[in-house]
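As C-alpha cells, the structure follows; a few thoughts come after it.
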Amino acid sequence: MFATYLIGLREGLEATLVVSILVAFLVKSQRRDRLPQVWGGVGLAVALSVLVGWLIEYTSTSLLARSEDRELFEAVTSVAAVAFVTWMIFWMRRAARTIAGELRGRLTEALAVGSIAVAGMAFLAVIREGLETALIFYSAAQGAAGDSGPLLALLAGIASAVAIGVGLYFSALRINLSTFFTWTGALLILVAAGILKYGVHDFQEAGVLPGLNNLAFDISATLDPSTWYAALLAGMFNVTPVPSVLEMVAWVAYAVPVLVLFLRRPAPRAGASAPTPPAGVAGITESTGPAPTSPRA
C-alpha cells in the first residue's frame, strides 16, 4: 500500500503546486474574479480522471470475459503506466525550476482571451496528473481485487499532498522540493520496475511472451509470501520469491539504467548561469538560491 500512497502523494503534490501557482498569480494580479473558473477547471479535471479510472477498472472486470484478454489488458496498461511514470519524473526534474514562470505566462494569455480560456488552462494543467494517477494506480494495485487498502492509501497520499500544498501556500511549511522529488522519483522508478515486471508476467500468462515456467530463482523458503515483509516488498516493488527469468531481465533492464540516468547530475554548460528558482508559492525552496517570496505579499 505504500506504493499507492507514494503515487497519490507525488502526483497530488504536483497538481497541488500547479493550482497554487495559478491561484497565487490571480491573487497577486487582483483578478480574484477568475478564481471560480480556475476551480471549475480543476473540478472538471478531477471528475474526468475519476471517470477514466472507473472505465479502466470496468473494462478489465466487466467487458473482458476471457482471462487471457484480461491478462493482456493488464499487461498493456502496466507498460503504459511505466512509460507515464518515467516521463513524469524526468519532466518534473527538468521543469521544476521554470514551471511557475511558464504557468504564469500561459495564465496571462488565458486572461486576455476570457473565462473559458482560464478554466481550460486550469483543466489542462491538472488533467495530466489525474490521468497519470488513474493509470498508474490501476497498474500498481493489480492483484488487490476486493481489497480497499490500495484505494485508501491513494486517497491518503492525495490528502497529504493537498495538506502540504496548503501549508506551502500559507507559509506554514518549507520544504526543499529538489530533495523531495529526487527521493520520491527514485522510489517511483523502483515501483515502475515492479509494474513492468508485473506486465511481463501478464504477457506471459496471456501467451504473448514465453518462459512463464522458466524461473530465475526460488527463494520462497527464505522469503515466505505469507509474512508481512514479503507482502510489503511485493506491494511496493513487486518483489516475488519465484519470478521468471524474463521478469527479472525486464526489472533489471529498466531499474538500473533509469536510476543511473535519473540520479546523475548533468554537467553545467560552460558560461551558463545558475538557474533561478521559481517564485509564486510560499515555502517552496530549491537546492540552490533563496526561498521565493510569499504569493500573498
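Side chains are part of it too, since the values below use all heavy atoms of this structure and drop only hydrogens, waters and symmetry mates. For the single chain, residues carry numbers from 1 onward in sequence order.
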Q.
Taking atom OH as the centre, does Y254 end up with more than 12 heavy-atom neighbours from other residues, nucleotides or ligands that are less than 6.0 angstrom away?
A. yes
**Q.** CG (L215) with more than 12 external heavy atoms under 6.0 Å
**A.** yes
Q. How long is the gap from CE on M248 to NZ on K197, to the nearest 0.5 Å?
A. 7.0 Å
**Q.** Student check: side-chain heavy atoms of L131 and L135 closer than 4.5 Å
**A.** no
Q | Co-membership, hydrophobic cluster, residues V19 and V166, 4.5 Å side-chain | A | yes
**Q.** Joint hydrophobic cluster, L44 plus I116, side-chain heavy atoms closer than 4.5 Å
**A.** no
**Q.** Heavy-atom pair with the smallest gap, counting every atom of V82 and A192
**A.** CG2-O, 3.3 Å
Q: Kindly indicate whether the side chain of R31, heavy atoms from C-beta on, has any atom under 4.5 Å from the side chain of D33.
A: yes
Q. Taking atom CG of L212 and atom CZ of F203, what is their separation to the nearest 0.5 Å?
A. 14.0 Å
**Q.** Heavy-atom pair of closest approach, residues G199 and S78
**A.** CA-CB, 3.7 Å
Q.
Quick check: is V256 connected to L259 through a chain of hydrophobic side chains (ILVMFWY, heavy atoms under 4.5 Å apart)?
A. yes
Q | Rounded distance [0.5 Å steps], OG1 in T108 versus CE in M121 | A | 8.5 Å
Q. Closest heavy-atom contact between L246 and Q204?
A. CB-NE2, 3.5 Å
Q: Could you tell me which non-hydrogen atom of T240 sits nearest to which non-hydrogen atom of F217, and how far apart they are?
A: O-CE1, 4.1 Å
Q.
Would you say that L35 contacts L22 through its side chain, given a criterion of any heavy-atom pair below 4.5 Å between the two side chains?
A. no
(Q) Run R32 and L26 through side-chain contact (heavy atoms from CB on, under 4.5 Å) and show every step you take. (A) CA-CA 6 Å; R32 294 176 179 269; L26 290 176; over 6 Å; no
(Q) Could you check whether any side-chain heavy atom of V23 comes within less than 4.5 Å of a side-chain heavy atom of W39, counting everything from C-beta outward? (A) yes
Q: Could you please spell out the steps behind the side-chain contact (heavy atoms from CB on, under 4.5 Å) verdict for L51 and L55?
A: CA-CA 6 Å; L51 177 61; L55 285 175; 4.3 Å; yes
Q: Could you check I164 against L9 for side-chain contact (heavy atoms from CB on, under 4.5 Å), going step by step and ending with a plain yes or no?
A: CA-CA 9 Å; I164 292 173; L9 177 64; 4.0 Å; yes
Q.
To the closest 0.5 Å, what do you measure between CG (D69) and OG1 (T59)?
A. 12.0 Å
Q. Could you give all pairs that pass the side-chain hydrogen bond (donor to acceptor under 3.5 Å, both in side chains) test and reach residues 206-217, with sequence neighbours left out?
A. none
Q: Could you give me the CA-CA distance, side-chain angles and deciding distance for T133 and L154, then say whether side-chain contact (heavy atoms from CB on, under 4.5 Å) is met?
A: CA-CA 9 Å; T133 302; L154 178 76; 3.9 Å; yes
Q) Is L196 linked to W87 within one hydrophobic cluster, defined over Ile, Leu, Val, Met, Phe, Trp and Tyr using a side-chain heavy-atom separation of less than 4.5 Å? A) yes
Q: Indicate the atoms forming the closest heavy-atom contact of L188 with V85, along with that distance.
A: O-CG1, 3.9 Å
**Q.** Distance (rounded to the nearest 0.5 Å) between L13 CG and T16 OG1
**A.** 6.0 Å
Q. Quick one: hydrophobic cluster around V249, which other residues, with the 4.5 Å side-chain cut-off, linked directly or via members?
A. V245
Q | Which atom of L124 lies closest to which atom of I127, heavy atoms considered | A | O-CG2, 3.5 Å
(Q) Between W91 and L261, is there shared hydrophobic-cluster membership here, with clusters defined by ILVMFWY side-chain heavy atoms closer than 4.5 Å? (A) yes
Q | Atom pair CD1 (I189) and CZ (F90), whose distance is rounded to the nearest 0.5 Å | A | 5.5 Å
Q: Please identify each residue that fulfils ring pair (Phe, Tyr, Trp, His ring centres under 6.0 Å) with W54, with sequence neighbours left out.
A: Y58
Q) Do L190 and W251 come close enough that some side-chain heavy atom pair is under 4.5 Å? A) yes
Q) For the side chain to side chain contact (heavy atoms under 4.5 Å, CB included) test, which of L48, V46, V38 pairs with F123? A) L48
